[in-house]
Every structure is written in C-alpha cells, then in structure tokens.
Amino acid sequence: SRAGPCLAVIAGEKVFVFDAGEGAAETLALMGVSAGDIEAVYLSHLHSDHFDGLAPLALQHWATGTSQTPLLLVGPTGASRIAAGLNEAYAIDSAYRTNHHGPDIMPPTGAGLQAQEFAIPEGQAAIVLHDSNGVRITAFPVNHAPTQAVGFRVEYGGRSLVISGDTSRSDSLAHNARGADLLIHEAISPRLNSIIENAARDSGRANVEAIFHDILDYHTSPEDAGAVASEAGVGALALTHLLPQTPIPGLTATFERDARTTYSGPVWAMRDGDVISLPRTGGIERSHRLRF
C-alpha cells in the first residue's frame with residue numbers, strides 16, 4: 001500500500017517533484033497530479049529506491065503533456081548517468097511511439113530525461129537551485145554516507161517546507177529547517193527494525209540480518225526527527241519513508257508516539273495520497289486525496 005519515496009510540491013501553478021521511487025507516476029496520477037505539468041524532478045541522492053520510478057514518470061510527462069523537451073532531472077553528481085542510462089533503455093520504445101502516434105502527439109524532442117547536476121562546495125551551508133516565479137528551492141548537505149545526499153528547502157508565498165531526504169540526525173538539516181512551516185522527515189523505528197533483524201538472524205539469513213543492522217546508522221529515529229523539529233522550531237512534522245514498512249494497521253502510530261516524546265507540535269505519519277496545504281493566510285491543513 002506504499003509506493004517508493006516521492007513528494008510533489010505544488011506552488012501556485014508550478015509542480016515540482018522530489019524523488020521518484022517505484023510507483024511514483026501511478027500514485028501521482030491517482031491523486032490527480034498530471035505528469036505533464038511537472039517542472040522538474042529533484043533527487044535527494046542516488047540510491048535506487050529514490051529514482052526507480054523515474055522512467056514511467058518521464059514517459060507520462062512526455063505523453064500527457066505532449067512535451068517538446070525532456071523531463072528535467074536535477075540531482076547530485078551522477079544524475080546525468082542515470083538519465084543517460086534510462087534514455088538509452090527507452091530509446092527504442094520512444095521511437096516506436098513517435099512513429100505510431102506522429103510527432104505532433106509524441107514530439108521526438110520531448111522523450112526521456114535531461115539531467116542538471118549540482119555539487120555543494122565544501123564548507124558551504126546551502127546552494128540555490130531554483131529561484132523563479134516566486135519559488136525558491138535550496139539544497140543543503142545531510143548525513144547519508146557513503147552517498148552524496150541533500151535535503152531541500154522550498155519557499156513560496158511567504159510559507160516554507162523542508163525535505164530531509166535520507167539522513168541520520170543532521171545539524172545542517174536543523175539549521176536549514178529553522179522557522180519552516182513544515183518539516184518532512186524520513187524515519188526508521190529501531191524497535192521495529194530490530195524485530196526483523198532478529199528474525200533474519202534466527203532463520204539463518206545472515207545477509208538480511210546485516211542489511212537491517214547496517215541501515216540504522218544512516219537513517220533517523222522518530223525521536224531524533226522530533227528533536228530536529230524542536231531545535232528548528234518548525235510548525236509541524238510529517239514523517240515519511242517509514243522504515244521498516246508498516247503493513248499492519250496501527251504500526252504507524254508508533255512513529256508518531258516516539259516523535260512526540262521530543263516534539264510538541266503536530267506530528268503525522270504520512271500515507272500515500274496525503275496532502276498538506278500551507279495557505280498564504282497562515283495555518284496548516286491536512287487532507288487525503290487518493291482517487292481510485
């Protein structure tokens with residue numbers, strides 16, 4: 001019931017997507033967000049679970065928008081290799097579709113992805129990636145070694161949100177989230193994770209045991225996510241990319257309870273299809289918009 005990591009930010013008439021895990025295109029379509037309207041996809045880092053939904057998203061961007069240019073992919077160093085690899089994998093398919101539907105419907109110049117890489121200079125707190133039409137997007141480094149990982153801050157209409165990406169507890173995240181209306185933070189439950197790790201050990205699956213042991217050091221517990229939210233003084237905390245998966249009803253409540261031990265503001269464990277609105281007039285609203 002959960003697709004891969006993916007967040008759409010709608011600022012006025014502009015749509016920006018942050019990460020595109022498996023199922024991103026399908027989930028956005030079910031929510032009524034057209035891939036043809038996406039300005040760009042921003043990758044927080046290059047772990048496959050954050051970009052393995054890119055190809056369907058790029059295809060729908062081309063098809064539903066009759067796009068004349070490829071979908072813009074903005075990411076850390078290496079994003080161009082991902083774009084080039086997916087473009088090559090889909091080159092035969094793209095040619096077939098243009099030949100079948102014609103260049104007016106499927107313009108050959110609009111297929112695939114166009115990469116724009118960035119790197120944050122050593123010692124620099126953040127860099128501006130986008131500043132146009134009242135929307136400002138900055139990127140800042142977070143702790144998810146050995147990958148080059150970043151978080152994002154998005155500002156529009158006097159409101160702001162911050163996206164952690166994948167990270168262990170990070171001082172740079174707390175600094176860049178200061179005063180934001182909303183912090184969207186990944187979370188791993190050490191208690192739930194240990195159940196899987198122990199079960200893998202007891203069943204002799206040493207490789208799975210090692211993986212679940214190792215992931216603890218580059219993700220953030222709900223308690224630490226709450227502590228970051230408190231330190232930054234954010235208006236609300238939305239927990240996403242929950243680890244481990246929570247297929248049993250009620251398990252997500254453990255994430256919320258643990259985060260509330262260190263943060264006194266609103267805390268939500270997000271579901272696919274959840275929408276958080278930040279009106280210009282103030283306040284914060286949460287609703288659900290998943291259409292079947």
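What's counted below: heavy atoms across the whole structure, side chains too, no hydrogens, waters or symmetry copies.
Annotation: side chain of L183 is in contact with side chain of V228 (closest heavy-atom distance under 4.5 Å). Considering only heavy atoms from C-beta on, L46 stays 4.5 Å or farther from Q148 through its side chain. Counting only heavy atoms from C-beta outward, the side chains of Y42 and V9 never approach each other to under 4.5 Å. The shortest side-chain heavy-atom distance between W62 and P107 falls under the 4.5 Å cut-off. The side-chain heavy atoms of V17 and C6, taken from C-beta on, include a pair separated by under 4.5 Å. Counting heavy atoms from C-beta outward, P56 and L59 have side chains that stay 4.5 Å or more apart. In this structure, the side chains of F18 and S44 stay at 4.5 Å or more apart for every pair of heavy atoms. The shortest side-chain heavy-atom distance between V74 and V41 does not fall under the 4.5 Å cut-off.
Scanning for ring-ring contact (aromatic ring centres under 6.0 Å, His included) contacts around H50 gives H45, H241, with sequence neighbours left out. Under the rule for a ring-ring contact (aromatic ring centres under 6.0 Å, His included), Y90 has no partner lying at least two apart in sequence or in another chain.
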When you look at V154 and F16, which way does the side-chain contact (heavy atoms from CB on, under 4.5 Å) test go after all the steps? CA-CA 10 Å; V154 185; F16 304 89; 5.8 Å; no
Under the side-chain contact (heavy atoms from CB on, under 4.5 Å) criterion, do V162 and L182 qualify, and how do the steps go? CA-CA 6 Å; V162 170; L182 174 66; over 6 Å; no
Stepwise side-chain contact (heavy atoms from CB on, under 4.5 Å) check, D181 with L161: CA-CA 6 Å; D181 296 292; L161 61 86; over 6 Å; no
Criterion side-chain contact (heavy atoms from CB on, under 4.5 Å) on H185 and L237, from CA distance to verdict: CA-CA 7 Å; H185 205 304; L237 173 62; 3.9 Å; yes
Tell me, with the steps shown, if D258 and R191 meet salt bridge (Lys or Arg N to Asp or Glu O under 4.0 Å). CA-CA 11 Å; D258 291 346; R191 286 182 296 166; 2.7 Å; yes
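Contact detail for A149 and H144: the closest heavy-atom pair is CB-CB, 3.5 Å. The nearest pair of heavy atoms linking S170 to P141 is OG-O, 4.2 Å. Minimum heavy-atom separation, A8 to L28: CB-CD2, 3.8 Å. Scanning both residues, P244 and S189, for their nearest heavy atoms gives CD-O, 4.1 Å. Contact record, A20 with L57: CB-CD2, 4.1 Å, taken as the closest heavy-atom pair. Of all heavy-atom pairs spanning A180 and S160, the tightest one is CA-OG, 3.2 Å.
In this structure, a donor-acceptor pair under 3.5 Å is absent between the side chains of N143 and T167. A donor atom on one side chain and an acceptor atom on the other are not found under 3.5 Å apart for H130 and R136.
Between the D19 side chain and the G165 main chain, no donor and acceptor come within less than 3.5 Å of each other. Side-chain atoms of T109 do not come within 3.5 Å of backbone N or O of T69 as any donor-acceptor pair. Of the possible polar contacts, none joining the Y263 side chain to the E223 backbone as a donor-acceptor pair under 3.5 Å is found. Proximity of a side-chain donor or acceptor of D272 to a complementary backbone N or O of A3 within less than 3.5 Å is detected. Remark: the backbone N or O of I127 is not paired with any side-chain donor or acceptor of T138 at under 3.5 angstrom. At distances below 3.5 Å, at least one donor-acceptor pair connects side-chain atoms of R159 with backbone N or O atoms of P279. Of the possible donor and acceptor atoms, one in the side chain of T64 sits under 3.5 Å from a partner among the backbone N and O of G36. Proximity of a side-chain donor or acceptor of N99 to a complementary backbone N or O of A95 within less than 3.5 Å is detected.
Hydrophobic clustering (ILVMFWY, side-chain heavy atoms < 4.5 Å, transitive): M270 and L242 are in distinct clusters. Each of I215 and L251 belongs to its own hydrophobic cluster when Ile, Leu, Val, Met, Phe, Trp and Tyr are linked at side-chain heavy-atom distances under 4.5 angstrom. Under a hydrophobic-cluster definition in which Ile, Leu, Val, Met, Phe, Trp and Tyr are linked whenever side-chain heavy atoms come within less than 4.5 Å, directly or via other members, L71 and I10 are assigned to the same cluster. Cluster membership check: I137 shares its hydrophobic cluster with Y156, using side-chain heavy-atom separations under 4.5 Å among Ile, Leu, Val, Met, Phe, Trp and Tyr. Under the 4.5 Å side-chain heavy-atom criterion for ILVMFWY residues, no single connected hydrophobic cluster contains both L73 and I163.
In the displayed structure, R205 atom CZ is contacted under 6.0 Å by at most 12 heavy atoms of other residues, nucleotides or ligands. Other residues, nucleotides and ligands place no more than 12 heavy atoms under 6.0 Å from the NE2 atom of H100. E22 CD: 12 or fewer foreign heavy atoms inside a 6.0 Å radius. No more than 12 heavy atoms of other residues, nucleotides or ligands sit less than 6.0 Å from atom CD of E88.
Relative to the six-membered ring of F255, R260 misses at least one condition, a distance below 6.0 Å or an angle of at most 45° to the axis.
To the nearest 0.5 Å, atoms OG (S221) and CZ (R169) are separated by 8.5 Å. Here E117 contributes atom CD and R81 contributes atom CZ; the two are 10.0 Å apart, rounded to the nearest 0.5 Å.
Centroid-to-centroid, the aromatic rings of Y218 and H47 come within less than 6.0 Å.
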